[in-house]
Amino acid sequence: MSNADNRSQFWALYLTRFAEGFGFITLLTLLPTYINTLDPQATTVLGVTVSAGFVIGMYTTGFTLAQTVAVVPLAWAGDRFDKRRVLLVVLAIGAAVYALFPIVDSSGSFVLIRALQGVAVTGASLMTLSIVGQIADVGTRADKIGKANAASFAASIVGSLSAGAIYDAVGFGPIFTVITVLMVLAWVIVWGVLDHDPTRTEGFPFTDLAFNRKIVSITAFRAQYAFAVTMVRTWVPIYAGTEMASGGLAVGATAVAVTVTIEKATNMVGQLFTGRLSDGYGRSLFVFAGGGAYGLVAICIPFAPALGTALGTDVTLPFLGELPPAYLPLVAFSGLLGVADSFREPASMALFADEGTDEGGVASSFGIRELVWRPGSVAGPLIAGWLMVEVSMASVFHVGGAFALTGVLAFLAMLARDHGRAALTTW
């Protein structure tokens, strides 16, 4: 295959990551609007009264549950059959789903379509990353995966900043027209550019990969790190926007959006370069350094008020308004979280791609990666909510950071057991 053909395939996959990320973040941004529009009420299902709060929770949980259920069958299908064909199927589902959102008229239909969206998002993510990892040369996998992630982060930034403005100007319909067109465009380009997948894996690769030494080592870290990222990433905007009586900074919606966007922007820019460094210097070193740095930055976030007071950062800025001293240090910490995670993420993904490709189950390898993340992503916000109310806002970041640090220490211990002093430079 020529370099031009190979390059075209990567760009097709990057576009797919962008389309998938844009659709996901747009729905997330518009979720409060849907809640206000549909006005969920308590209802009775099979004689059981379901509260309005539970219905609102299902707006997100229905999506997450569908993602969890879809991981194993989609990953298995990707390894057993043609990953390109599976990707085309989930892109078609995605296009249909986004075309249906404007006609949603009840909480039940919204939860159902959100569940289908969860299947499409999970399938597109699994297949694109699996194909990128499979067609990339061994020495370039983290670099290519980092660029694919950067495309997804770019979509998150564009989508989160534009969705509300477009809705205010023209309503739901045109937003979903744009997303549907993007999904169809991605489908056409994948169909026209991406080669058929020649690999076929018999049996059930999850079984063998679950006992793979490197995957077990990274899982010891990732299972704990999921709590850290979910708690910290979710609570940075909550810290910025909640009332001071709850321990927050009480800044406006635009200022809150900046704290979210800066983390995505630094992560996006970082992954354009850190993946290549991981290819050159090893996966484990970057996972350890990035994960550890994330934990340390998270623990420092509650010191933003003291730092801001010392530096005199209580300012008034255009569009953002009057800002408390802690706000600008919080933005800086959020940016540093993105930098730290940009070192960890492509290295971690490339490791799963390396092992999955070597053992003939790259989609299953990424499926394991997804499943390991799920407990922390579900339980993390519950723990953080309890800490915020019962202990303090600061405790959320201290506990979240501690999860990252215990994760990297567990990872280091397993590496040291297997490789001794060369633990962080062996792979």
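Along the sequence shown, residues are numbered consecutively beginning with 1.
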Nearest heavy atoms of [X] and [Y], plus distance in Å:
X	Y	answer
Pro205	Gly361	CB-CA, 4.1 Å
Leu412	Ala423	CD1-CB, 4.3 Å
Met393	Gly248	CE-N, 4.1 Å
Thr406	Phe403	OG1-O, 3.1 Å
Gly367	Val71	O-CG1, 3.4 Å

Aromatic contact between Trp11 and Phe18, with the criterion being ring centroids under 6.0 Å apart: yes or no?
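Aromatic pair excluded; centres sit 6.0 Å or further apart.
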Validation row, ring centre Tyr239 to ring centre Phe397 under 6.0 Å
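Yes, ring centres under 6.0 Å apart.
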[X]-[Y] side chain donor-acceptor pair, cut-off 3.5 Å:
X	Y	answer
Ser364	Asp79	yes
Thr274	Arg344	no
Lys147	Gln271	no
Thr259	Tyr327	no
Tyr225	Asp341	yes

Lys144 to Phe10 six-membered ring, cation-pi geometry met (6.0 Å, 45°)
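The answer is yes; both the distance and angle limits are met.
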Return the orientation label for the Phe81 and Trp76 ring planes: parallel under 30°, perpendicular over 60°, tilted otherwise.
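Perpendicular.
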If you round to the nearest 0.5 Å, how far is CZ of Phe227 from CH2 of Trp373?
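Trp373 CH2 to Phe227 CZ: 10.5 Å, rounded to 0.5 Å.
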Is it the case that more than 12 heavy atoms not belonging to Arg200 sit under 6.0 Å from its CZ atom?
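Count over threshold, so yes.
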Working note: Phe110 + Phe63, criterion ring-ring contact (aromatic ring centres under 6.0 Å, His included); need CA distance, chi angles, decisive distance, verdict.
CA-CA 10 Å; Phe110 183 80; Phe63 175 86; over 10 Å; no
